[in-house]
Amino acid sequence: MVSNMKNYNIKSMKLYNFVDRVYNELRELGKETSGQLSVNELSSFDQLHYHGTQAIDFAIKKFNINDKSKILEIGSGLGGPARYLAKKTGANITAVELQEDHNDAAVYLTKRCNLDSKVEHICGDFLKLGFPENNYTIVVSWLALYHIPDRKKLLNNCLNLLKPNGHFYVEDFAFFKPFDDNEKLELSNDFFANYLVSLSQYETDLKVAGFSNIFIEDMTSSWIKFTRDRHKNYQDNIDRHTRVHNKIIVQNMLYFYSFAMRYLSGGKLAGIRVSAKK
Ligand SMILES: C[S@@+](CC[C@H](N)C(=O)[O-])C[C@H]1O[C@@H](n2cnc3c(N)ncnc32)[C@H](O)[C@@H]1O
């Protein structure tokens with residue numbers, strides 16, 4: 001595990017501090033409080049993972065997600081992946097998000113995209129909520145599971161909620177080499193990391209929970225490039241971002257983008273895509 005101290009303050013991670021960014025971007029679109037929104041015009045700011053909607057397209061293709069699919073998403077953030085899945089495939093999605101301000105923004109955006117009949121947003125800690133068992137064709141998550149400390153309970157819940165032969169598909173973090181104490185502290189504070197293990201331990205956890213057909217793909221080099229480009233683009237457009245948001249938001253975003261880039265490039269943090277079957 002990344003550390004034996006638990007971080008109870010998710011807002012110590014700067015990405016999560018300024019949900020106002022969403023409303024600032026709507027103002028910039030000229031649609032602050034009214035007007036139909038499209039999924040595409042939100043995608044530059046509502047996808048809080050790497051490679052934006054391309055990452056969701058990968059999952060759609062791999063698992064043939066379609067209008068018969070029943071999806072549970074863990075850690076749905078601003079709802080970007082859930083809305084994209086619903087719009088592109090017609091699937092039904094239950095999107096679970098811990099942070100109230102993010103969930104409120106997600107509900108608001110989903111309604112304004114007219115996707116509220118397909119996407120149900122639920123606010124709370126996935127580990128503490130109850131969902132119907134044997135009910136979902138796929139459980140998905142993009143960059144949220146490493147936030148959740150109790151992996152055993154998390155995986156047991158996922159297994160129980162899936163239909164027989166259902167799929168588990170996540171993008172997440174792990175480590176190539178263990179972190180020192182200072183790194184653990186930084187990852188806990190700035191990344192809200194509560195469960196980071198080696199790739200082999202990641203696989204063992206899934207096996208022990210009862211999953212089969214486990215496949216872990218190393219995404220680190222692709223994510224290093226993504227985080228470098230993201231940081232550079234943000235810096236290149238700093239005047240635009242300062243005008244749309246403000247200096248404090250811009251400083252926080254740059255701090256967070258630089259942190260993610262530094263850790264992924266550092267040789268210890270691993271970015272992974274994981275699939276498994278019930
Ligand atoms: C990096 S964000 C990714 C959001 C979304 N998956 C996306 O790709 O746009 C991870 C999200 O997981 C949420 N999260 C963390 N722990 C959670 C928990 N125990 N239950 C539900 N959501 C959680 C965080 O609040 C955060 O919004």
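Throughout, residue positions are numbered sequentially from 1 according to the sequence presented. For ligands, and for the atoms within them, numbers begin at 1 and follow the listed sequence. These numbers come from the heavy atoms of this one structure, side chains and all, not from hydrogens, waters or symmetry mates.
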Measure centre to centre between the rings of F226 and Y50, then say whether the value is under 6.0 Å.
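Aromatic pair counts; centres sit under 6.0 Å.
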
Contact check, side chains of Y234 and F256, non-hydrogen atoms, under 4.5 Å |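 No. Closest side-chain heavy atoms not under 4.5 Å.
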
If the condition is side chain to side chain donor-acceptor pair (under 3.5 Å), which residues does H167 pass it with, not counting sequence neighbours?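 Applying side chain to side chain donor-acceptor pair (under 3.5 Å) to H167 gives none.
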
With a 3.5 Å cut-off and sequence neighbours excluded, list the donor-acceptor pairs that the side chains of residues 18-26 form with protein atoms.
residue : atom : partner : partner atom : Å
N24     : OD1  : R27     : NH1          : 3.4
N24     : ND2  : D20     : O            : 3.4
N24     : ND2  : H245    : ND1          : 3.1
E25     : OE1  : R240    : NH2          : 2.8
E25     : OE2  : R240    : NH1          : 3.0
E25     : OE2  : H245    : NE2          : 3.0

Considering only N or O atoms, set out every pair between ligand 1 and the protein closer than 3.5 Å, with distances to one decimal place.
residue  : atom   : partner : partner atom : Å
ligand 1 : 6 (N)  : E73     : OE2          : 3.4
ligand 1 : 6 (N)  : G75     : O            : 2.8
ligand 1 : 6 (N)  : W142    : O            : 3.0
ligand 1 : 8 (O)  : H49     : ND1          : 2.6
ligand 1 : 9 (O)  : L48     : N            : 2.7
ligand 1 : 19 (N) : D125    : OD1          : 2.9
ligand 1 : 20 (N) : F126    : N            : 3.0
ligand 1 : 22 (N) : L98     : N            : 3.2
ligand 1 : 25 (O) : E97     : OE2          : 2.5
ligand 1 : 25 (O) : Q99     : NE2          : 2.8
ligand 1 : 27 (O) : E97     : OE1          : 2.8
ligand 1 : 27 (O) : E97     : OE2          : 3.1

* Neighbour count above 12 (heavy atom, 6.0 Å) for K225 NZ ->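 No, NZ of K225 has 12 or fewer neighbouring heavy atoms, counting only those of other groups under 6.0 Å.
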
* **Co-members of the apolar cluster containing Y169 [side chain, <4.5 Å]** =>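 Joined to Y169, directly or through intermediates: V39, I56, F58, I60, F63, I65, I71, Y84, L85, I93, L115, V119, I138, V140, W142.
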
